[in-house]
Amino acid sequence: MLAASAPEAASALLGWTLLVDGVGGVIVEAEAYAQDDPASHSYGGRTPRNASMFGPPARLYVYRSYGVHWCANVVCGPVGVGSAVLLRALEPTHGLARMRQRRGVAAERLLCAGPGRLAQALGLTGAHDGARLDRPPFRLVPPARPVDPVATPRVGITRASERPWRYVVRGSGWTSRGRPPA
DNA sequence: GTATTGATCTTCT
DNA sequence: GAAGATCAATACA
């Protein structure tokens with residue numbers, strides 16, 4: 001699954017449950033970044049920061065955004081390709097109390113609705129950069145039922161934002177921006 | 001309700 | 001020196 005292209009991997013990840021040390025939820029929003037993508041960190045070369053993006057798939061790429069937030073990606077594609085899927089939103093299902101504690105917010109809706117929020121709620125930091133997702137404390141649980149992915153324009157970027165590589169689960173109320181698509 | 005700005009790290013110009 | 005895959009607090013209508 002993660003050996004596929006970034007857009008395919010992004011849509012395939014929807015509905016999976018991601019747990020970090022027993023805390024997490026269902027992936028309801030993900031965004032694809034490919035190597036030839038001007039918006040991707042891997043575009044135009046490898047740097048110390050994005051090195052894990054070029055590593056083996058099924059690992060984490062965690063980077064700092066705007067010097068403040070951490071954002072978590074799932075690396076996909078073969079080694080050296082540099083494509084990844086940005087996790088933008090989860091539906092919180094496990095360890096709500098711990099996520100609330102980390103986030104410092106009461107509103108359940110805002111626990112994981114957004115890349116920075118998601119990483120903070122799961123306790124992901126640069127320390128997890130390059131970590132494997134198929135070993136503890138991580139757990140990836142397949143969807144109980146097939147989900148209904150919807151491709152939408154990407155959000156929060158200025159280049160190639162018209163590529164419909166942002167995938168959300170149809171009807172989910174846990175996505176990061178705007179109202180859920182009909 | 002929408003609009004603007006601060007926080008502050010990595011990379012690129 | 002400036003911009004960026006962001007969020008939250010503040011200012012205004």
Side-chain angles (χ1 to χ4, degrees), chain A residues 2 5-14 18 25 27-55 57 59-77 81-92 98-131 133 149-169 172-181:
Chain A
L2 291 176
S5 70
E8 287 174 9
S11 62
L13 272 171
L14 293 185
L18 172 67
I27 301 172
V28 294
E29 183 176 353
E31 211 164 279
Y33 288 91
Q35 184 180 30
D36 65 346
D37 181 353
S40 170
H41 285 175
S42 58
Y43 183 75
R46 172 177 181 154
T47 65
R49 178 179 60 157
N50 64 23
S52 49
M53 223 176 154
F54 291 84
R59 300 205 179 204
L60 276 182
Y61 163 49
V62 185
Y63 72 97
R64 202 189 305 274
S65 174
Y66 290 86
V68 185
H69 305 286
W70 294 102
C71 296
N73 300 247
V74 176
V75 177
C76 63
V81 168
S83 58
V85 175
L86 171 69
L87 302 177
R88 292 191 56 90
L90 298 184
E91 173 183 343
R98 286 183 64 187
M99 287 194 270
R100 252 194 285 266
Q101 189 175 29
R102 286 175 182 144
R103 295 271 301 109
V105 297
E108 200 171 297
R109 237 237 103 212
L110 299 177
L111 276 183
C112 301
R117 293 165 175 164
L118 183 156
Q120 188 186 12
L122 297 193
L124 296 173
T125 70
H128 298 89
D129 189 36
L133 283 172
V150 187
T152 73
R154 294 193 286 188
V155 174
I157 56 177
T158 56
R159 315 171 69 126
S161 58
E162 74 288 350
R163 291 197 195 190
W165 284 1
R166 173 184 179 235
Y167 295 89
V168 301
V169 174
S172 172
W174 302 98
T175 49
S176 64
R177 179 109 159 225
R179 295 145 311 286

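Per chain, numbering begins at 1; letters A, B, ... match sequence-line order. Computed from a prediction, not measured in an experiment: that's the story for all the values here.
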Taking OP1 and OP2 of [N], is either one under 4.0 Å from a side-chain nitrogen or oxygen of [X]?
| X | N | answer |
| --- | --- | --- |
| A:Arg88 | C:dT6 | yes |
| A:Arg103 | C:dA8 | yes |
| A:Thr47 | B:dT11 | yes |

* Structure fact -> For DNA chain B, the expected dot-bracket line (Watson-Crick or G-U under 3.5 Å, [ ] crossing, | inter-strand) is |||||||.||||.

* For C:dA5 and B:dA3, measure between their C1' atoms and round to the nearest Å. => 22 Å

Minimum-distance nucleotide to [X] side chain [options: [options]]:
| X | options | answer |
| --- | --- | --- |
| A:Ile157 | B:dC12, C:dT6, C:dA5 | C:dA5 |
| A:Asn73 | C:dA5, C:dT6, C:dA8 | C:dA5 |
| A:Arg117 | C:dA5, C:dT6, C:dA8 | C:dA8 |
| A:Pro48 | B:dT8, C:dA8, B:dT11 | B:dT11 |
| A:Arg49 | B:dA7, B:dT10, C:dA5 | B:dT10 |
| A:Tyr63 | B:dA7, C:dA5, C:dC7 | C:dA5 |

What is the distance, rounded to the nearest whole Å, between atom [atom1] of [X] and atom [atom2] of [N]?
| X | N | atom1 | atom2 | value |
| --- | --- | --- | --- | --- |
| A:Asn50 | B:dC9 | CG | C1' | 14 Å |
| A:His69 | B:dA7 | NE2 | C1' | 8 Å |
| A:Tyr66 | B:dT10 | OH | P | 16 Å |

* Structure fact -> Sorted by chain and number, sequence neighbours left out, side chain to side chain donor-acceptor pair (under 3.5 Å) with A:His128 holds for none

* To do: Just jot down the side chain to side chain donor-acceptor pair (under 3.5 Å) partners of A:Ser40, sequence neighbours excluded, or say none.
  => A:Ser42

* A:Glu29 vs A:Tyr167 side-chain heavy atoms within contact, under 4.5 Å -> no

